[in-house]
Amino acid sequence: MPAALLNLSHITQSFVRPEGRELKVLDDVSLALTENEIVGLLGKSGSGKSTLLRIIAGLIAPSTGSVAFNGAPVAGNKNLDIAMVFQTFALFPWLTVLENVELGLEALGVPDKEMRKRALEAIDLIGLDGYESAYPRELSGGMKQRVGFARALVVNPAILLMDEPFSALDVLTAETLKTDFLDLWIERKMPLKSVLLVTHNIEEAVLMSDRILIFAANPGHIAAEIKVDLPHPRDRQSLGFRTMVEQIYTLMTSGMQRRDVSATAKPELTMYDKLPRVSPNQLAGLMEQLAAAPYHGRADLPALDQALGLGTEEVLHLVEALRILKFAVVAEGDIHLTAAGKIFVDADTQKRKQIFAEHLLQNIPLVAYICRVLQSRPGNHAPRIRFLTQLEDNMAEEDAEEALSAVTSWGRYAELFAYNDNSEMYSLENPSA
């Protein structure tokens, strides 16, 4: 096996919250990047993937563990041959395309003549020749991201880190940019020796990667590794491609969110678990689709993903919500409506609300807790901050916000409680009375 360009050994990352509690984001992450490979880091948002990229880039130091580039520690390495492309375009609006690309070379002290030559070559390479004097406001989203690629490539990095670089683009633009990038990579027209791609899109990972590392959360860790042996250019409709997508869907929905949970045993939800922020109407719509032809209550997740036309992560969030509410079960990459899910689909609006309320109280501890607090307080009122503070004492702030927003939407739909956004108060009052 060739020597690794990059070695991560037993990386953990924790942050201390204001009240002094430690929040672990990454746990015991080890990986290696060798020459001539694109490695996909695939996982849901909030699993620590972007934090890991910033550790690799030397932007933050890990709590424990080590990162070595060409055998030398990344920390304090002034000759770090690593560049990064971000999800957002991050261009300076007052600079032209050429000036934005030249920035990295200017920081390295490259002479003006050489800087101009290399910047023009990078702009030409990524297909923006003729736009050197244009300002970001004149460019489409895809063109702006091409500038981001040129700015990363102009410093001739050995390793390129890509943090969901296509997720902010429309589907057609993203596909064109992926294809162009792969063509340049396969034809060895870029200086790159290795690429680490962070994504939450399964098809994107299979399309671009030589290896895929499946990242699980709570805290972030590598749960599985898959080698992609499909030849380029890859056909999304081929049996091999679809089989691999199916395999990954199965892994990502098989319960590998905690290290003490087997693939067949889902943990009981606690009040401090992350919750997918999806609306009751979305859930009802998905159940209706599953119940109707051609699915008749059971669907292959990759096929359903394609049929719905949603992003992979959004589909996974919807599926996870149906699973924890016991309206569906997920096994072997398929989703099946439960008996309760089928009854929900056949019910009228008011009956649906009653069924949804019962499943919330039985399966979502945070909903049951809010209802108990409201019932016990004088006037049956409680401020939002009362619940948010408690959640933030036990969860990341972003996760606490997401969880409370999710149950607020669900509880309102089920008419378990009311919420006034102006006063930020929950109550048991009937808002229609």
Kindly compute the distance separating [atom1] ([X]) from [atom2] ([Y]), expressed to the nearest 0.5 Å.
X: L366; Y: C371; atom1: CG; atom2: SG; value: 9.5 Å
X: L318; Y: L290; atom1: CG; atom2: CG; value: 10.0 Å
X: I123; Y: T96; atom1: CD1; atom2: OG1; value: 7.5 Å
X: K178; Y: F181; atom1: NZ; atom2: CZ; value: 12.5 Å
X: M84; Y: R151; atom1: CE; atom2: CZ; value: 12.0 Å
X: E99; Y: L91; atom1: CD; atom2: CG; value: 12.0 Å

Short N-O contact, E114 and K117, less than 4.0 angstrom: no
R146 with D180: basic N within carboxylate O range, under 4.0 Å: yes
Just by modelled atom types, is the [Y] backbone N or O under 3.5 Å from a matching donor or acceptor in the [X] side chain?
X: R211; Y: V39; value: no
X: H317; Y: P276; value: no
X: E175; Y: L172; value: no
X: K326; Y: N363; value: no
X: T199; Y: A205; value: no
X: R188; Y: W185; value: yes
X: R236; Y: E203; value: no
X: N7; Y: A32; value: no
X: E102; Y: N100; value: no
X: S9; Y: G65; value: no

Atom CD of Q362 with >12 non-hydrogen neighbours under 6.0 angstrom: yes
CD1/I186: more than 12 non-hydrogen atoms of other groups inside 6.0 Å: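 Correct, the count exceeds 12.
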Non-hydrogen atoms of [X] and [Y] that approach each other most closely:
X: S209; Y: R234; answer: O-NH1, 2.7 Å
X: T34; Y: A4; answer: CG2-CA, 4.0 Å
X: V407; Y: I370; answer: CG2-CD1, 4.0 Å
X: L207; Y: H232; answer: O-CE1, 3.4 Å
X: K24; Y: P219; answer: O-CB, 3.4 Å
X: F241; Y: D235; answer: CB-O, 3.2 Å

Side chains of [X] and [Y]: closer than 4.5 Å at any heavy-atom pair?
X: Y131; Y: L139; answer: yes
X: D210; Y: N36; answer: no
X: L26; Y: T12; answer: no
X: F86; Y: E164; answer: no
X: L8; Y: I55; answer: no
X: L42; Y: F215; answer: no
X: V195; Y: M208; answer: no
X: Y272; Y: D399; answer: no

Whether F387 and Y369 hold their rings parallel, tilted or perpendicular, with breakpoints at 30° and 60°: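 Correct class here is perpendicular.
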Plane angle bin for Y426 and F417 - parallel if under 30°, tilted between 30 and 60°, otherwise perpendicular: perpendicular
Stepwise side-chain contact (heavy atoms from CB on, under 4.5 Å) test for T64 and H10: CA-CA 7 Å; T64 62; H10 304 292; over 6 Å; no
side-chain contact (heavy atoms from CB on, under 4.5 Å) assessment of L304 paired with L286: CA-CA 10 Å; L304 183 65; L286 179 54; 3.9 Å; yes
Steps toward side-chain contact (heavy atoms from CB on, under 4.5 Å) verdict (D273, I324): CA-CA 11 Å; D273 280 320; I324 62 177; over 6 Å; no
Evaluation steps, side-chain contact (heavy atoms from CB on, under 4.5 Å), between Q145 and F166: CA-CA 8 Å; Q145 193 62 306; F166 312 108; 5.7 Å; no
Criterion salt bridge (Lys or Arg N to Asp or Glu O under 4.0 Å) on E401 and R384, from CA distance to verdict: CA-CA 10 Å; E401 289 274 2; R384 180 177 183 275; 2.7 Å; yes
Passing candidate, side chain to side chain contact (heavy atoms under 4.5 Å, CB included) with I56, options I159, T51, L196, I11: L196
The single option from L95, V97, I126 passing side chain to side chain contact (heavy atoms under 4.5 Å, CB included) against V147: V97
Six-ring centre of W410, R412 cation under 6.0 angstrom, axis tolerance 45°: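 Not satisfied by the 6.0 Å and 45° rule.
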